[in-house]
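Here's the structure we're looking at; comments come further down.
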Amino acid sequence: GPKKFEFFLFSDAVMYAYKQSNGKLVLHRTLPIKFADAREGSSRPELVKDNSQLYFHILSKEKSFDVLVENANQKVSWLKDFQIAKYEAENVDPRRQSGIVDNNTPPPIPQRPPSTSIIGEEEHAP
């Protein structure tokens, strides 16, 4: 069966971790959001016939994943949050990122609280 991971979406990265038998989460990998994308559906639709509407696909140069979420609202939220985070990561002013602020520089972008999903299947990027 699929490997189970918890995915966390931050303003600049997607992180995923696995749960040990003692319940502790162990970070498996961090993917910079600038070099990743999220798309509707599965990379292998023939394997997910029953729950295909609950899948989305994360693609990056390093890894590619099918992610199964609990419900359609969670998927819509994840995809929307991912696109916002990606836009912000690609369009951030370097002065804001470094903390250099003057009277003409808007305040830094706050860190987005993590979004999580429950099950993901790890596979190599195409």
Is F35 reachable from L59 through a run of hydrophobic residues whose side-chain heavy atoms are each under 4.5 Å from the next?
->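 L59 does not cluster with F35.
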Is it possible for you to say whether V14 and Y87 belong to one hydrophobic cluster, with membership spreading through side-chain heavy-atom contacts below 4.5 Å?
-> no
E40: partners by side-chain hydrogen bond (donor to acceptor under 3.5 Å, both in side chains), with sequence neighbours left out |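 In terms of side-chain hydrogen bond (donor to acceptor under 3.5 Å, both in side chains), with neighbours along the sequence ignored, E40 is linked to K75.
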Who passes side-chain hydrogen bond (donor to acceptor under 3.5 Å, both in side chains) against E90, sequence neighbours left out?
-> K86
Pairwise distance CD1(I58) to NZ(K63) - rounded to 0.5 angstrom = 13.0 Å
CG on D37 to CG on L79, rounded to 0.5 Å |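 CG of D37 is found 9.5 Å from CG of L79.
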How are the rings of Y16 and H28 set to each other: parallel, tilted or perpendicular (split at 30° and 60°)?
->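 Because their plane-to-plane angle lies in the 30° to 60° range, the rings of Y16 and H28 count as tilted.
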Could you check whether any side-chain heavy atom of [X] comes within less than 4.5 Å of a side-chain heavy atom of [Y], counting everything from C-beta outward?
{"X": "K19", "Y": "E6", "result": "yes"}
{"X": "F82", "Y": "I33", "result": "yes"}
{"X": "Q20", "Y": "Y18", "result": "yes"}

Mind running side chain to side chain contact (heavy atoms under 4.5 Å, CB included) on Q53 and N71 for me, showing each step along the way?
-> CA-CA 9 Å; Q53 74 279 5; N71 58 59; over 6 Å; no
At their closest point, which heavy atom of [X] faces which heavy atom of [Y], and how far apart are they?
{"X": "S64", "Y": "H57", "result": "OG-NE2, 2.6 Å"}
{"X": "A13", "Y": "T30", "result": "CB-CG2, 3.8 Å"}
{"X": "S11", "Y": "A89", "result": "O-CB, 4.0 Å"}

Within the 6.0 Å centroid threshold, strictly below: F5 and F65 =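 No, the ring of F5 stays outside the 6.0 Å limit from the ring of F65, centre to centre.
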